[in-house]
Amino acid sequence: MNRGKIPFYLLITVLIGTGLTTAWLRHTTTEVPLIPGEQKPVWLIEGRVDFYADGGAVTVNLDLPDQAPGFRLIREQAASPGYGFAVLEDQNNRRAEWTKREAVGLQTLYYNAQYIPVDSRPIEVDIEPELQTVFWSEPQSTAARELLRGAKARSSNPASTARELIKLLNPSTADQNAELLLTKEFSRAELLVKLLNQADVPARKVMALKLEDARRRQVLQPMVELFDDGHWLLIDSMTGEQGLPQNLLLWSRGEAAQLDVLGGQNSRLTFSMIRQTVPALALSQVQFTDNLFSMLGVYSLPIEEQSMFKMLFLLPLGAMVVVFMRVMIGLKTAGTFMPILISLAFLQTSLIPGLVSFILIVGLGLLLRSYLSYLNLLLVARIATLIVLVIFLISILSLVGYQLGFNAGITITFFPMIIIAWTIERMSILWEEEGPHEVLIQGGGSLLVAVIAYLLMNVQLISHLSFNFPELNLVILALILMMGQYTGYKLSELHRFRSMSHVTDAD
């Protein structure tokens, strides 16, 4: 390897590495999708609180999920006219609070939240939680000891102990000890929590909401979490199933009341839910507004500036196509940037109307330029005259196209008129110096490169990546620099050396 090129190769490596790494970090931290049109499920959950107010001040507290495993909260709000609302957080406990100075009769409060499913991992706990104190009456204490003796004999760890206890508490197979405990305890989940704590297994009751699309009037279901091997394990107190199902949202933990109403009676908490599908890109913009990548992203700009950058970020791709076609293929074009600007214009007009419009404007411009050559004008005056004539040509074509029902004629004004005028001037000089053949070669080469660049820019995936991951243009820059170092034969030149290969074979 040539040591003089080591800094160049290091620069290429840094550009590619920086572009790809930054794009990946943007994707992982802000969840901007790599594929356009990606959809994500969203659960819209509505909690409804009904109660009868006594006529005085009312305070309603509702437990809310706090970092529910398997779900991420996107947005929450309350819809309760006449009530003050706030979300209070105290020692990892979130509660919604409604307040009103005076209320009477039937009251209905609403809490709405949006959750998206995410990958969940068991939460590791550094310090083992304390056991809850268990109190039994004498008959219950004896029954509990007998149940635990049988469950421990057929288990080896906290999870298997819980499963055996659930089997023993099954009403269809319960013995007299289990029946005694079941008649005294209101909830099987609470009974299982007591038995596990007596067996020196830290456990607690949790309230969970089973998510089913388009369901109404659902209530929270009691379940049990036990501490096993450094983390909390969820277990169904009715079936013994372990782990967190995908459609289960842990609403609250501990012994605190899920709903607390002061100044009212006969309260009831129910839930309705619906599953929606929304674009992943829109979710990313809503969730990560405070992220560094979001603050430095294009979406923080006004819509008008975003539209400008959406076109601007496609320019490096067009430049790479021009460099490849000229350096590697050897195709001649009328200038370097003209094909890029033509391809951007094609994005506005679409391909076929853009090609027809461009050929008509340039063709008519060459005819007018041939007349201007007889006037012996200076270069500056000739170019200015061409600009005025090009404006008239575009206006006439736009009006004619509109009258004929072709709306694409109006978008011809997106063509860079100054560049078109200069291109007409260059082609006319080239016609005079080297003939029409060279004009056709360079003009056709420019259109071919513009069409290739347009086809690439029009790919939805490329347009999505260039706008949402602008750092990928560093990779395009590295490729352009690498092609700029190429000094070999161009593809169009290989036929010139075919005869030399025949001579070598003859020798």
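Within a 6.0 Å sphere centred on CD1 of Ile35, other residues, nucleotides and ligands contribute 12 heavy atoms or fewer. Heavy atoms from other residues, nucleotides or ligands lying under 6.0 Å from NZ of Lys152 number more than 12. Residue Tyr52 qualifies as open at atom OH: its count of foreign heavy atoms under 6.0 Å is 12 or below. Enclosure of atom CE in Met311 by more than 12 non-hydrogen atoms of other residues, nucleotides or ligands within 6.0 angstrom is indicated. Heavy atoms from other residues, nucleotides or ligands lying under 6.0 Å from OH of Tyr486 number more than 12.
The aromatic rings of Phe313 and Phe467 sit tilted relative to each other, their planes meeting at an angle between 30° and 60°. Taking the six-membered ring for Trp and thresholds of 30 and 60 degrees, Phe227 and Trp232 have ring planes more than 60 degrees apart, a perpendicular arrangement. Ring geometry, Trp98 versus Tyr111: the interplanar angle exceeds 60°, so the pair is classed perpendicular (tilted spans 30 to 60°).
Without hydrogens or angle criteria, Ser80 side chain to Tyr110 main chain gives a donor-acceptor distance under 3.5 Å. No donor-acceptor pair under 3.5 Å is formed between the side chain of Asn112 and the backbone N or O of Glu46. Looking only at distances, no side-chain donor or acceptor of Glu31 sits under 3.5 Å from a matching main-chain atom of Thr28. With Arg253 contributing its side chain and Val206 its backbone, the two residues share no donor-acceptor pair below 3.5 Å. At distances below 3.5 Å, at least one donor-acceptor pair connects side-chain atoms of Asn157 with backbone N or O atoms of Ser160. Between the side chain of Asp228 and the main chain of Pro158, no donor-acceptor pair closer than 3.5 Å is present.
Arg268 CZ to Arg217 CZ: the interatomic distance, rounded to the nearest 0.5 Å, is 7.0 Å. Going from atom OG1 of Thr59 over to atom CD of Glu97 covers 6.0 Å, rounded to the nearest 0.5 Å. Between the CE atom of Met273 and the CD1 atom of Ile45 there is a distance of 6.5 Å, given to the nearest 0.5 Å. The CG atom of Leu250 sits 11.5 Å away from the CG atom of Asp66 when rounded to the nearest 0.5 Å.
The aromatic ring centres of Phe71 and Trp43 sit 6.0 Å or more apart.
Shortest non-hydrogen contact noted between Leu456 and Ile462 is O-CD1, 3.3 Å.
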